[in-house]
Amino acid sequence: MEKKWYEKNGTDGDVVISTRIRFARNLEEYPFPIRCSRDIRQKINEKVKDAVLNSNSVISSRFSCINIDELDPSGKVSLVERHLVSPEFISEDQGRCLLLLDDESVSVMINEEDHIRLQVMQEGFELDKAYELASRLDTLLDERLKFAFSDKLGYLTQCPTNLGTGMRASVMLHLPALQATKAMRKISENLSKLGLTIRGAFGEGSEPVACMYQLSNQITLGISEKTAIENLKSITTQLVNQELNARQALAKEITVQDKIYRSYGILQNARLLSGEEALNHLSNIRMGITTKLISSISLDTINRLIVETQPATLIKLTGKPLDSAQRDKIRAEIVRKEFGIQASQKK
Amino acid sequence: MLCEQCKKNQANTHVKSIINGEVTELSLCSSCAAKMGYGNVFDHMFDIGSMMSGFMGEPMASALAQERKCPGCGLSFAQISKGGRVGCAKCYDVFYDRLLPSIKRIHGNTIHTGKRLRKPQLTSGEAAVQNAAAEKIAALSQDLKNAVANQEYEKAAKLRDKINELKAQNGGV
């Protein structure tokens, strides 16, 4: 089976794990989701489904429709862990539908906060490519669905924070060296002046788990899609360079090398691994690979393990309900197997 | 990160304001955020409500605020500001003036400059006004020609001024 975008390493993949473009759109003829009855929501489901599946696009036949209410809890959460839907989307049974492309790079959430949340994901740093695809699909869908649009305010959305372009563009960044050198706070303060924002991709604490960050545009009105993307691109490029320089310097320190090789030992031998522990060690290994300290495992595999070792995705993979202790055991087995295989193949 | 106000609780609300291009940012815990009035994006709208009641007298302002409902979704402006969510596309039209301050506060801008699939359309009212003006100008121009041909220069000058005035009013139709 062909690899999904989250199982691959892409452009500038040392630092940029993935790129996402998301458009918020609403159908002109219906009220926004908070004011829609279940019947109307059902109608919107059908209309959008029809428009996507029968659109004049080469990929329209590769979409499948997932009724969220019919999924078991781990099936729902796994969609979030794979970054295919927002946590909000699976929060309630409201007759919501997801249209998902076979390679999981395009998803259309119907009846989330807006009637349509169209999302394109790509591995690595691919803002232009992701925007092109998203915009093309958006234009095709507008022909059939007629999106709510005002000359002054642009695309009209349920929450005014998305007015205008309705676009959220973001990159997921792995920044272990900038986090270790305490540079993140200063960076995030400066970003807001450019209408960008950065936050931890995993975990709620003050320090993001596994040094994963999400950088995205915040302002959608009065700035064109192109300008917003250019701003995001230029800051990402700067962060990539700063991170790589800081990594080179850090990798010479024996304490840092020790941390990376210890993580390697743990992932190769541990019999129990919690989700957060696995993520943190995988983050160290990622840094080890990009600084050429570790060569026996690929970034593709690490990216895949980061997704596969998440609790709900783990349950989905094994096809069995697992409690937390069972998950820790299976998680350790999956990781150990990868580290064992790749290490022995290299020899 | 700790709340910048009380320096005790974990900050979970980030407030950014852009006023005349000056950006200020605050990280706050939920209780400090609520105290400082950053509960939801429309909260400060109640200030506008009370300002209006100052101008118009309490009963009239509150009657107006209560009665006007969006024909598209049935929400009143008070309901929108309470929920922080707009009910439908028409709300943006109906409550445009009252939503604008929040929109400006969020984005620092009020005019869309991005993707546009359809050409700007005039409302039927605007189009009718423009058509009427264009017809009138055409008629006056014909009179002007006749006046010049008949060497009625005083009349021609008056007609010319009238045409220019009409053109200016209608953005150079």
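What you see is a predicted model; the values in this text were computed from it and never measured. Convention: sequence-line order gives letters A, B, ...; per-chain numbering from 1.
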Between B:K115 and A:S224, does any side-chain donor sit less than 3.5 Å from a side-chain acceptor?
-> no
Pairs of heavy atoms under 4.5 Å with chain B: top-ranked of A:T227, A:T197, A:D138 | A:D138
Greatest number of non-hydrogen atom pairs under 4.5 angstrom with chain B, of A:G164, A:A148, A:A228, falls to A:G164
With chain A, which of B:G72, B:C91, B:A89 has the greatest number of heavy-atom pairs at distances under 4.5 Å?
-> B:A89
Assess whether side chain to side chain contact (heavy atoms under 4.5 Å, CB included) is satisfied between B:R116 and A:D151, documenting all intermediate values.
-> CA-CA 8 Å; B:R116 204 175 273 276; A:D151 287 336; 3.7 Å; yes
Are the side chains of A:E143 and B:L117 in touch, meaning some heavy atoms are under 4.5 Å apart?
-> no
Could you tell me whether the side chain of A:I34 reaches within less than 4.5 Å of the side chain of B:R85, counting heavy atoms only?
-> yes
I need the [X] [atom1] to [Y] [atom2] distance, nearest 0.5 Å.
X      : Y      : atom1 : atom2 : answer
B:I106 : A:C159 : CD1   : SG    : 6.5 Å
A:L153 : B:N109 : CG    : CG    : 11.5 Å
B:C88  : A:E28  : SG    : CD    : 11.0 Å
B:Y92  : A:F32  : OH    : CZ    : 5.5 Å
B:H112 : A:L221 : NE2   : CG    : 8.0 Å

A:Q238, CD: over 12 other non-hydrogen atoms inside 6.0 angstrom | yes
Does NZ or CZ of A:K152 fall inside the cone over B:Y96's six-membered ring, less than 6.0 Å from its centre and within 45° of the axis?
-> yes
For the side chain of B:H107 and the backbone of A:P160, is there at least one donor-acceptor N/O pair under 3.5 Å apart?
-> yes
Is it the side chain or the backbone of B:I103 that comes within 4.5 Å of chain A heavy atoms, both, or neither?
-> side chain
